[in-house]
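Below you'll find the structure, written out as structure tokens, and then a few comments.
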Amino acid sequence: MSNGPANELLQSHNLRKTGCRQGILDILGQSGEALTENEIKEKLDNRHDRTTFYRTFKTLLENHIIHKIIIDNQLIKYALNPDSEIENDHVHFYCKECEKLVCIEESSSMDINLPRGFKAAETEIIVKGTCNTCSEK
């Protein structure tokens with residue numbers, strides 16, 4: 001993601017462009033996959049203090065620019081929302097070998113039959129297995 005798309009994304013959400021916001025969006029856009037907080041921090045080269053970094057993360061999450069994927073109690077990754085829209089319901093694939101996590105935007109229907117009176121707010125599905133690269137090894 002170059003300067004333009006990140007700037008447009010922030011403007012479309014009425015958010016001011018800051019170095020930290022720009023950096024996080026650029027890193028996630030260029031990676032093509034979900035990353036952990038530490039992976040993003042490392043790529044930012046400590047250009048921003050801890051408070052700024054976490055406030056920026058919170059702002060991007062609250063504005064649905066990025067989303068959090070909880071793989072297990074010890075592993076959480078973040079990704080840009082597909083097409084910059086609120087996308088709560090989509091499938092993620094997690095490779096158990098290389099730990100790559102990708103959003104599967106073309107996933108099939110997320111219809112789940114809930115008991116009478118139950119109402120879903122969002123659905124999170126993580127398929128765990130081996131990605132195509134690791135399968136070919």
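All heavy atoms count here, side chains included; hydrogens, waters and symmetry mates do not.
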>> Show every salt bridge (charged side-chain N to carboxylate O under 4.0 Å, His left out) that has at least one partner inside residues 52-78, sequence neighbours left out.
In response: Lys58-Glu62

>> Test side-chain hydrogen bond (donor to acceptor under 3.5 Å, both in side chains) on Ser135 and Asn132; report intermediate values, then the result.
In response: CA-CA 5 Å; Ser135 294; Asn132 58 343; over 6 Å; no

> Counting only N and O atoms by type, is there a donor-acceptor contact under 3.5 Å from the side chain of His13 to the main-chain atoms of Leu9?
Replying inline: yes

> Do any N or O atoms from the side chain of Glu42 and from the backbone of Glu39 form a donor-acceptor pair under 3.5 angstrom?
Replying inline: no

> For the residue pair Cys131 and Cys95, what are the closest heavy atoms and their distance?
Replying inline: N-SG, 3.3 Å

>> Could you report the tightest heavy-atom contact between Phe53 and Ile40, atom names first, then the distance?
In response: CE1-CG2, 3.9 Å

> Has Lys41 got more than 12 heavy atoms of other residues, nucleotides or ligands less than 6.0 Å from its NZ?
Replying inline: yes

>> Run the side-chain contact (heavy atoms from CB on, under 4.5 Å) test against Thr59 and tell me which residues pass, sequence neighbours left out.
In response: Leu15, Arg21, Asn63

>> Tell me whether the rings of His92 and His67 are parallel (<30°), tilted (30 to 60°) or perpendicular (>60°).
In response: tilted

>> Let me check something: do Phe93 and Ile125 share a hydrophobic cluster, defined by ILVMFWY side-chain heavy atoms less than 4.5 Å apart, either directly or through other members?
In response: yes

> Going hydrophobic residue to hydrophobic residue with side-chain gaps under 4.5 angstrom, can you get from Leu25 over to Tyr54?
Replying inline: yes

> Do Gln22 and Asp26 meet the criterion of a side-chain donor-acceptor pair at a distance under 3.5 Å?
Replying inline: yes

> Which residues satisfy the ring-ring contact (aromatic ring centres under 6.0 Å, His included) test with Tyr94, sequence neighbours excluded?
Replying inline: none

